[in-house]
Amino acid sequence: MNIRGTRITGWGVALPDRVVTNADFEARIDTSDQWITERTGIKERRFGGTTASLAAEAGIRAIKSANLIPEDIDLLVLSTTTPDLTTPATSSLVQNLIGTKGGAFDLNAACAGFVYGLVAASGMIKMGSNKVLLIGSDTLSRITDQDDRSTAILFADGAGAIVLEVDSGTDNILAYDLGVDGSAAPILYCNLGDYMKMEGREVFKRAVRVMVDSSNNVLEKANLTNDDIALMVPHQANIRIIEAANQRLGIPIERTAVVLDRTGNTSSASIPLALADAAESGRLKEGDNILFCGFGAGMTWSSAIVKWTIR
Ligand code: UT7
């Protein structure tokens, strides 16, 4: 049977040049490197750029790594919760910077957005798209009150991208799970023109719960167990959230991708940044099962198990 499956064929990232360390915060607000490190795992993060500029940089790198040129791309999907403009969509600006063909649209499911985008892209590949550029890009520093110690130390800027191509032999997206509980919107939100407001402890508790439930859901759907997962790529919000969820899932930290110590929480960019780091450090081999798991404002969550197809 001729199926229109999906496979990942390339990746790319972009981080702004400006490094902001815990010591930089220590010098300015009532916090300490020790508190930030122990409570979050973050040591430094990057500030700068626009959502479109970072997205384009990551996207161009991903296209190159897939051995393609921009004109080969027939769909651009941009996951972001920090668009540069109210309208048009930031994906229009990115299309103009990269030169992709076909359609382009933004998707906002907060920090769960990248995996929502993966699922949307693979659905559109089934409907006829051949080469999709999926980008997660966010500039959270712009909507974070840099004097509020409960959020300033967490949120940062960055972008990550992957190329997805049709695979007529097999579908490498083995299972997915998307969810939202809109009644929890008030625990993490940002009014237009304002800064983010967050009930950190409540987000923490719910994050662990949805990561575990959603991951177990996709494992069951794919008929796999935790031992079949070569690498877990979770949303990079707080190392304690990742450790708590992974302990319950029975996936050790050695099989988990972590970059938040260097990037902070970059929302839509966090999963592709962690994936690229793992790929570049030789942690992935062809045929590995990767478990992606995101959660964010909404409250949204998303998981997917994807077979790595790059040699
Ligand atoms: O993409 C999803 C987005 N968000 C998240 O995933 C965030 C989830 N939540 C978290 O990561 C954690 O809840 C935080 C890192 C935000 C906070 O850590 P916590 O261990 O839950 O701390 P807490 O909010 O319970 O606060 C403990 C204490 C408080 O002081 P008191 O009331 O005990 O005197 C805070 O005022 O820590 C204080 N505190 C800080 N102290 C030094 C809060 N932020 C800071 C800080 N530096 N930056």
Side-chain angles (χ1 to χ4, degrees), residues 20-45 79-82 107-117 136-160 179-182 184-190 195-212 214 233-246 256-261 263-274 292-303:
V20 180
T21 64
N22 291 349
D24 292 330
F25 281 108
E26 215 170 37
R28 222 173 38 75
I29 56 176
D30 182 15
T31 189
S32 65
D33 174 44
Q34 189 187 354
W35 191 96
I36 302 169
T37 305
E38 284 176 9
R39 309 306 292 170
T40 73
I42 300 167
K43 296 297 284 182
E44 61 182 43
R45 68 292 282 146
S79 168
T80 187
T81 197
T82 48
L107 172 161
N108 181 356
C111 306
F114 190 80
V115 180
Y116 267 75
S137 181
D138 269 302
T139 45
L140 294 173
S141 70
R142 292 186 301 143
I143 60 161
T144 305
D145 180 353
Q146 297 302 331
D147 294 325
D148 174 4
R149 70 177 184 173
S150 68
T151 52
I153 52 121
L154 298 172
F155 298 111
D157 309 334
V180 62
D181 174 4
I187 65 172
L188 176 52
Y189 68 95
C190 181
Y195 292 130
M196 262 187 289
K197 308 277 185 301
M198 180 175 76
E199 290 175 35
R201 251 186 253 187
E202 190 56 31
V203 175
F204 191 115
K205 270 193 295 187
R206 286 172 182 258
V208 175
R209 207 181 309 145
V210 296
M211 276 183 76
V212 173
S214 185
V233 184
H235 171 47
Q236 310 282 308
N238 185 323
I239 193 67
R240 287 160 53 225
I241 295 178
I242 294 174
E243 283 169 352
N246 282 27
T256 305
V258 176
V259 290
L260 61 82
D261 50 320
T263 63
N265 181 344
T266 56
S267 193
S268 289
S270 91
I271 285 181
L273 282 170
F292 294 102
C293 184
F295 59 89
M299 234 186 128
T300 51
W301 60 89
S302 55
S303 299

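Numbering of ligands and ligand atoms starts at 1, following listing order.
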Would you check if the side chain of [X] reaches a backbone N or O of [Y] as a donor-acceptor pair within less than 3.5 Å?
X	Y	answer
D138	T81	yes
T80	T82	yes
S268	S79	yes

Would you mind checking which non-hydrogen protein atom is closest to [atom], with the distance to 0.1 Å?
atom	result
atom 39 (N) of ligand 1	W35 CZ2, 3.4 Å
atom 47 (N) of ligand 1	T31 OG1, 2.6 Å
atom 11 (O) of ligand 1	N238 ND2, 2.8 Å
atom 5 (C) of ligand 1	V203 CG1, 3.6 Å

Within the protein, is there a heavy atom lying under 4.0 Å from [atom]?
atom	result
atom 34 (O) of ligand 1	no
atom 31 (P) of ligand 1	no
atom 21 (O) of ligand 1	yes

So do the side chains of [X] and [Y] get within less than 4.5 Å of each other, counting heavy atoms only?
X	Y	result
D24	E44	no
Q236	V258	yes
D147	R28	yes
L260	I42	yes

Within the structure, does [X] bring an N/O atom to less than 3.5 angstrom of an N/O atom in ligand 1?
X	answer
T40	no
R39	yes
G200	yes

So between [options], whose heavy atom ends up nearest [atom]?
atom	options	value
atom 6 (O) of ligand 1	A237, A207, S150, G298	A237
atom 26 (O) of ligand 1	M196, E38, R201	R201
atom 4 (N) of ligand 1	R149, M198, E26	M198

Go through the steps to decide whether V115 and W301 satisfy the test side chain to side chain contact (heavy atoms under 4.5 Å, CB included), and finish with yes or no.
CA-CA 9 Å; V115 180; W301 60 89; over 6 Å; no
For ligand 1, does T151 get within less than 4.0 Å through its side chain, its backbone, both, or neither, judged by non-hydrogen atoms?
neither
Taking only non-hydrogen atoms of I36, do any sit less than 4.0 angstrom from ligand 1?
no
Proximal atoms of ligand 1 relative to [X] (non-hydrogen, under 4.0 Å):
X	result
C111	1 (O)
I241	6 (O), 8 (C)
L188	3 (C)
R240	18 (O), 20 (O)

From the options M211, E199, M299, select the one residue that forms a side-chain contact (heavy atoms from CB on, under 4.5 Å) with R206.
M299
Distance in Å, T40 OG1 paired with N265 CG, rounded so as to fall on 0.5 Å steps
10.0 Å
Ion pair check, E202 and K205, cut-off under 4.0 Å:
yes
Evaluate the side chain to side chain contact (heavy atoms under 4.5 Å, CB included) criterion for residues R39 and I153: first the C-alpha distance (whole Å), next the side-chain angles of each, then the deciding distance (0.1 Å), finally the verdict.
CA-CA 11 Å; R39 309 306 292 170; I153 52 121; over 6 Å; no
